[in-house]
Amino acid sequence: MYPHERSLVKKMEGKSFALVGVNSDRDKIALKQAMHEEQITWRSFWNGGSTSGPISSAWKIQGWPTLYIIDHKGVIRHSFLGAPSPQVLDSAIEKLVEEAEKGV
Amino acid sequence: MSGSYCRCPSCNARLKLTGESPVGKRITCPQCHTPFRVPETEEVFEAELVQPAPPEPADGVEPERQPQGRKKQLRPKKSSSKALVLVSAAIGAVLLLGGGGWGIWMIVKNRSNSAANAKPGSANFNANNPAPVTGNPGNPDRTPPAPAFEIGSAAPEIEGEDIDGQRFKLSDYRGKVVLLDFWGHW
């Protein structure tokens with residue numbers, strides 16, 4: 001999944017798009033190491049070091065990964081339990097970025 | 001033909017007698033010409049059909065053609081009762097097999113549904129080999145749990161720290177499309 005996320009961030013650079021993570025790893029130090037190795041450059045919330053952390057609990061996350069696409073007005077437009085195919089994900093994002101840049 | 005009949009004691013020919021009370025009278029046999037006195041006679045009467053017997057179904061014979069004096073007995077249909085038993089047994093077997101198969105299918109379906117239910121906090125999809133749910137036709141029987149927030153609803157605010165301890169908010173990104181990714185590196 002990381003390769004696609006990396007390519008997505010690169011592709012959408014300069015556009016009205018942001019990839020924001022919520023990470024539930026236990027060990028922050030190990031996570032930082034992994035992020036450096038995997039070139040995970042996007043920002044992530046720290047979920048308190050647990051899958052039962054405050055953010056995932058508030059969002060009632062039932063499995064990892066879970067993805068939400070939120071439009072430029074803050075409205076949830078898509079959700080995925082498990083990673084969708086890159087084509088599905090990219091297509092959904094591109095349409096919403098178009099909306100954002102048109103100011104719809 | 002109705003009438004009185006006797007037999008010649010000499011040549012045994014069957015003779016029809018005319019007249020009344022022929023018993024004891026002297027006659028001559030028309031065949032062997034032996035004279036003799038008439039012994040006991042055989043009285044034959046004609047019978048007229050008043051009500052025909054019900055026709056036998058298998059034979060298809062019309063009642064008017066039945067010979068006189070003969071009774072037609074209805075034979076019991078042993079073959080039809082045997083066929084009925086066989087048909088009933090066949091229907092019973094089909095119902096039993098169908099019911100058993102449906103029961104097994106329901107058990108298998110319930111097991112696969114319970115296996116597919118993810119418990120909060122404990123279900124871990126492998127980040128490297130994720131199971132896409134949206135648009136995946138591979139598992140039609142799996143009913144994925146619904147997300148907490150409906151499509152079209154406002155995303156709740158998130159306030160927290162990043163991995164370096166810096167505070168930030170989800171609303172900082174208003175005006176941009178956000179892909180919010182709940183992930184782990186386990």
Side-chain angles (χ1 to χ4, degrees), chain A residues 1-2 5 8 16-26 28 30-32 34-35 38 42-47 50-52 54-85 88-89 93 96-97 99-100, chain B residues 115-139 142-186:
Chain A
M1 191 174 151
Y2 300 147
E5 287 164 322
L8 191 60
S16 301
F17 171 80
L19 171 53
V20 179
V22 179
N23 178 274
S24 297
D25 279 41
R26 280 184 221 156
K28 207 183 257 189
L31 175 64
K32 278 187 188 179
M35 284 173 74
E38 298 285 348
W42 52 95
R43 209 170 184 184
S44 287
F45 287 99
W46 176 244
N47 193 34
S50 161
T51 51
S52 307
I55 303 170
S56 61
S57 297
W59 284 66
K60 296 184 178 62
I61 300 303
Q62 299 179 35
W64 280 259
T66 294
L67 279 67
Y68 284 90
I69 306 180
I70 302 165
D71 71 13
H72 66 286
K73 296 179 183 173
V75 175
I76 296 171
R77 301 291 292 272
H78 299 275
S79 65
F80 304 95
L81 253 68
S85 69
V88 167
L89 191 62
I93 290 168
L96 293 178
V97 167
E99 272 182 31
Chain B
N117 285 341
K119 293 178 188 172
S122 63
N124 282 336
F125 294 109
N126 186 338
N128 291 327
N129 187 22
V133 172
T134 307
N136 176 18
N139 290 314
R142 288 185 62 176
T143 312
F149 305 111
E150 284 187 7
I151 307 301
S153 63
E157 174 71 287
I158 302 176
E159 288 190 45
E161 291 179 0
D162 65 13
I163 310 303
D164 296 319
Q166 301 297 312
R167 293 202 68 82
F168 74 115
K169 296 184 282 188
L170 182 61
S171 55
D172 293 343
Y173 298 89
R174 192 59 51 83
K176 287 187 177 182
V177 175
V178 171
L179 174 60
L180 188 65
D181 185 349
F182 289 82
W183 67 287
H185 189 73
W186 43 77

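The chains referred to below are lettered A, B, ... by the order of the sequence lines, with proteins before strands, and numbering in each begins at 1.
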Checklist entry - Shortest non-hydrogen contact from V97(A) to V177(B)? => result N-CG2, 3.6 Å
Checklist outcome for this item: Scored by heavy-atom pairs under 4.5 Å with chain B, the best of L31(A), V75(A), N23(A) is N23(A)
Item to check | Least distance between heavy atoms, I70(A) atom then A155(B) atom | outcome: CD1-CB, 3.8 Å
Checklist entry - Taking atom CG of D164(B) and atom NZ of K28(A), what is their separation to the nearest 0.5 Å? => result 8.0 Å
Next on the checklist: So which atom in R77(A) and which in I151(B) form the shortest heavy-atom distance, rounded to 0.1 Å?
Outcome noted: O-CG2, 3.2 Å
Item to check | Ring geometry between F149(B) and W59(A) (parallel below 30°, tilted from 30 to 60°, perpendicular above 60°) | outcome: perpendicular
Checklist entry - Which is it for F182(B) and W64(A) under the ring pair (Phe, Tyr, Trp, His ring centres under 6.0 Å) test, yes or no, and what are the steps along the way? => result CA-CA 6 Å; F182(B) 289 82; W64(A) 280 259; 7.7 Å; no
Next on the checklist: What part of A30(A) gets within 4.5 angstrom of chain B, counting heavy atoms only: side chain, backbone, both, or neither?
Outcome noted: neither
Item to check | Over all atoms of both residues, closest heavy-atom pair of G175(B) and A100(A) | outcome: O-CB, 4.4 Å
Checklist outcome for this item: Residues F45(A) and I163(B): closest non-hydrogen pair is O-CD1, 4.5 Å
Next on the checklist: Test side chain to side chain contact (heavy atoms under 4.5 Å, CB included) on I158(B) and V20(A); report intermediate values, then the result.
Outcome noted: CA-CA 11 Å; I158(B) 302 176; V20(A) 179; over 6 Å; no
Next on the checklist: As an exercise: rank G152(B), S171(B), S153(B), G165(B) by heavy-atom pairs under 4.5 Å with chain A and give me the winner.
Outcome noted: S153(B)
Checklist entry - Out of curiosity, W183(B) CH2 to D25(A) CG, how far, rounded to the nearest 0.5 Å? => result 6.0 Å
Next on the checklist: Please classify the contact between E38(A) and chain B as side chain, backbone, both or neither, with a heavy-atom cut-off of under 4.5 Å.
Outcome noted: side chain
Checklist entry - If you tally heavy-atom pairs under 4.5 Å against chain B, which of I93(A), I69(A), L89(A) wins? => result I69(A)
Checklist entry - What option among R174(B), E157(B), E161(B) has the most heavy-atom pairs under 4.5 Å with chain A? => result R174(B)
Next on the checklist: Which atoms of E159(B) are under 4.5 Å from chain A, going by heavy atoms: the side chain, the backbone, both sets, or neither?
Outcome noted: backbone
Next on the checklist: Minimum heavy-atom separation for A18(A) and Y173(B), please, with both atom names.
Outcome noted: CB-CD2, 3.5 Å
Item to check | Test item: D162(B) side-chain N/O and R43(A) main-chain N/O as donor-acceptor pair under 3.5 Å | outcome: no
